[in-house]
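In what follows, chains are A, B, ... by sequence order, proteins preceding strands, each numbered from 1. All values below come from the heavy atoms of this structure, side chains included, with hydrogens, waters and symmetry mates left out. This structure is a prediction, so every number in the text was calculated from the model and none was measured.
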There are 2 protein chains.
Amino acid sequence: MAITIYDVARDANVSMATVSRVINGNQNVKPSTRRKVLESIERLGYRPNAVARGLASKKTTTVGVIVPDISTSFYGELSRGIADIATMYEYNIILSNSDERPERELELLIDHFGKQVDGLIFMSDAVSEEVREEMTRAPVPIVMAGTIDTQEQFATVNIDYEQAAYESVNKLIENGHTEIVFVTGPLSHDINRIHKLSGYERALKEAGIEMKDEYVIEIEDTYDTAYESWQTIKQLKVQPTAFLTVNSSIAVGILNGIRDEGYSVPDDYEIICYEHSNLTRIVRPQLTSVVVPLYDIGAVAMRLLTKLMNDEEIEDKHINLPYRFAERDSLK
Amino acid sequence: MAITIYDVARDANVSMATVSRVINGNQNVKPSTRRKVLESIERLGYRPNAVARGLASKKTTTVGVIVPDISTSFYGELSRGIADIATMYEYNIILSNSDERPERELELLIDHFGKQVDGLIFMSDAVSEEVREEMTRAPVPIVMAGTIDTQEQFATVNIDYEQAAYESVNKLIENGHTEIVFVTGPLSHDINRIHKLSGYERALKEAGIEMKDEYVIEIEDTYDTAYESWQTIKQLKVQPTAFLTVNSSIAVGILNGIRDEGYSVPDDYEIICYEHSNLTRIVRPQLTSVVVPLYDIGAVAMRLLTKLMNDEEIEDKHINLPYRFAERDSLK
DNA sequence: ATGAAAGCGCTAACAC
DNA sequence: GTGTTAGCGCTTTCAT
């Protein structure tokens with residue numbers, strides 16, 4: 001059996017309340033007593049039991065993190081930002097992968113609440129009604145990171161994806177393009193449909209360029225699918241001359257498709273994409289992109305959560321972080 | 001205040017012991033009683049408090065995971081394997097990043113033990129003495145995943161990195177090379193020094209090729225450092241003709257260095273590397289590599305941990321998984 | 001098959 | 001400044 005606070009109390013000849021005070025840095029302890037207690041703790045090798053503490057205090061200093069897939073660079077980077085700020089505020093993280101499955105997300109929410117997390121960071125490409133409902137009943141604050149809340153009901157941290165798409169397409173238009181393809185992951189993902197696609201459309205409309213349905217290429221969100229999609233794209237009756245893609249993996253898939261058949265980027269085709277990893281700098285030519293500050297989004301989300309957990313005043317629950325363009329070689 | 005087991009007991013007109021039995025699937029409950037209890041649980045929306053349960057039962061169904069950096073593809077993939085098996089056995093995961101700093105690792109171990117994890121998966125590139133000591137005193141089982149335990153003291157899951165290096169270099173030798181450079185991350189990392197470097201040396205020795213100190217290039221473990229390192233390498237007095245690198249990021253750094261100056265792979269230089277991500281398939285030419293089954297290493301490590309936590313018999317604490325070569329275009 | 005009661009190890013009034 | 005005591009919400013003997 002492990003050493004308990006009671007053992008320490010007996011050893012130091014004080015009550016467990018005093019030991020508790022020492023452990024928790026309560027100032028109402030005579031220095032000499034404190035020293036005595038600390039000594040006993042040291043000698044006995046006492047380690048507070050966080051579970052007992054959690055039960056008694058109703059705070060676990062643990063936050064839940066629900067993420068589609070931790071092994072992707074997008075969510076890996078986001079999670080690292082979350083974790084670092086969590087550490088800074090002395091929270092532990094319970095991390096679970098949802099694989100973007102609503103039933104699984106629901107299970108996980110319930111599971112995490114059962115574990116008595118003090119707060120939760122939620123990430124998902126599409127928030128289902130059941131999930132939203134469960135989150136509405138949440139006993140603790142929730143922040144969404146890199147995740148769209150169409151109802152603007154929960155606290156969120158993102159960038160203005162719509163504006164970024166708009167500006168990206170404008171760069172293409174300025175370079176003389178009118179045949180611009182938008183290559184996207186599933187349009188069931190709010191971020192793709194509501195934000196990125198909208199920005200693409202707005203730019204075209206404003207420039208008086210006709211929107212072609214066949215220029216919106218919806219594929220699975222992987223490098224390989226993007227690579228294959230080039231085979232479809234090159235058979236379009238009106239050949240495109242430029243691309244906007246929703247992430248770097250897709251961009252590289254298209255890029256490789258183009259280059260493996262002897263065409264050139266940016267001479268034959270220009271490409272711009274959202275950047276979620278250093279892949280954009282690793283390929284040749286390097287890709288011009290919208291740098292999405294994933295780490296920061298995670299960090300700010302976690303910071304926001306700490307405020308919520310402490311009932312601090314929040315200016316705005318919906319935070320949009322700045323983004324920047326990295327001008328590289330896939331645009332002339 | 002949330003609904004407790006006591007509220008359910010009262011509502012269903014049974015004792016809390018019976019409710020507890022129902023929750024825990026204990027068979028000693030009359031079906032009609034069970035139904036009654038289940039109904040109350042449903043109606044009241046009761047959710048068991050895992051913290052209270054943990055305190056009473058001394059099991060938290062939570063395992064700790066200490067990882068250098070979750071945002072890398074190496075540890076991201078490993079962690080995903082761990083997480084999936086954890087889910088399968090109904091464990092939650094407390095995930096913490098150590099940044100490979102021994103003091104931080106030590107803190108985290110203590111922290112996780114304080115949270116009463118039922119077991120722990122530890123990942124690190126170099127296990128310090130203090131960390132080893134703390135782990136020796138651990139109150140719960142520990143498994144190391146993708147991590148070298150020089151003392152073979154703890155349970156580990158890996159591949160035979162030494163043999164993989166040996167075979168890789170042999171491929172290079174078979175292709176006629178004698179000037180083979182080994183580009184590695186910090187040699188303070190046991191995996192690099194004790195395993196990969198040794199395999200490299202063994203192959204050269206066996207082939208009667210002289211080992212040159214300047215052919216062991218030790219750099220930081222990043223793409224950018226590798227890219228820069230090419231500038232050093234090309235000034236070697238005896239130019240190498242082939243490379244073995246300890247991971248794909250480094251390989252791609254070298255590859256880009258070579259190609260950006262107009263040389264060709266595999267015509268001028270051949271490259272082989274350990275593969276930790278799909279980067280090897282994304283670059284051109286695609287890289288021949290040793291495919292390290294990261295996901296499986298994580299999964300097997302977690303499975304092993306479940307056995308250890310259940311006091312099941314283990315055949316062998318030190319598991320080496322098979323690996324394979326992906327023959328691609330960076331070798332002739 | 002069910003209930004009563006004693007903890008699990010700690011925090012947090014409250015009293016002195 | 002320190003001690004006493006009553007929980008926190010469960011599990012787990014031990015009775016019945």
Send over the distance from B/Asn28 CG to D/dC14 C1', rounded to a whole Å. 14 Å
Are [X] and [Y] linked by a side-chain donor-acceptor pair shorter than 3.5 Å?
{"X": "B/Thr136", "Y": "B/Gln153", "answer": "yes"}
{"X": "B/Ser128", "Y": "B/Glu105", "answer": "no"}
{"X": "A/Lys115", "Y": "B/Thr60", "answer": "no"}

Can you give me the first and the last nucleotide of DNA chain C (5' to 3') that has an atom within less than 4.0 angstrom of a non-hydrogen atom in chain B? C/dA1 to C/dG9
Applying salt bridge (Lys or Arg N to Asp or Glu O under 4.0 Å), can you list everything that pairs with A/Glu313, at least two apart in sequence or on another chain?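 Salt bridge (Lys or Arg N to Asp or Glu O under 4.0 Å) list for A/Glu313, sorted by chain: empty.
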With rounding to the nearest 0.5 angstrom, report the OG to CG distance, A/Ser124 to A/Leu108. 11.0 Å
Let me confirm one number: the CG-OG1 distance from A/Asp118 to A/Thr306, rounded to the nearest 0.5 Å.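 Atom-to-atom, A/Asp118:CG and A/Thr306:OG1 are 11.5 Å apart.
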Do any of residues 30-44 of chain A sit with a heavy atom less than 4.0 Å from DNA chain D, and if so which?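 Those residues are A/Lys30, A/Thr33.
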So, does B/Asp99 use its side chain to make a donor-acceptor pair with the main chain of B/Asp69 at under 3.5 Å?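 No, because the side chain of B/Asp99 does not come within donor-acceptor range (under 3.5 Å) of the backbone of B/Asp69.
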When all nucleic acid strands are considered with a 4.0 Å heavy-atom cut-off, which category describes A/Thr18: base, sugar-phosphate, or nothing?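 The residue A/Thr18 makes sugar-phosphate contact but no base contact.
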Output every pair passing ring pair (Phe, Tyr, Trp, His ring centres under 6.0 Å) with a member in residues 34-92 of chain A, not counting sequence neighbours, ordered by first then second residue.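 Matches after skipping sequence neighbours: A/Phe74-A/His276.
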Ring pair (Phe, Tyr, Trp, His ring centres under 6.0 Å) contacts touching residues 109-130 of chain B (sequence neighbours left out):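 Listed once each, the pairs would be none.
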Using a strict threshold of under 4.0 Å (side-chain N to carboxylate O), is an ion pair present between A/Lys36 and A/Glu39?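 No, this pair does not count.
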Using atom names, set out every protein N or O paired with an N or O of nucleotides 5-9 of chain D below 3.5 Å, distance rounded to 0.1 Å.
unit_1	atom_1	unit_2	atom_2	d
D/dC8	O3'	A/Lys58	NZ	3.2
D/dC8	O2	A/Ala56	N	3.2
D/dG9	OP1	A/Lys58	NZ	2.9
D/dG9	N2	B/Ala52	O	3.3

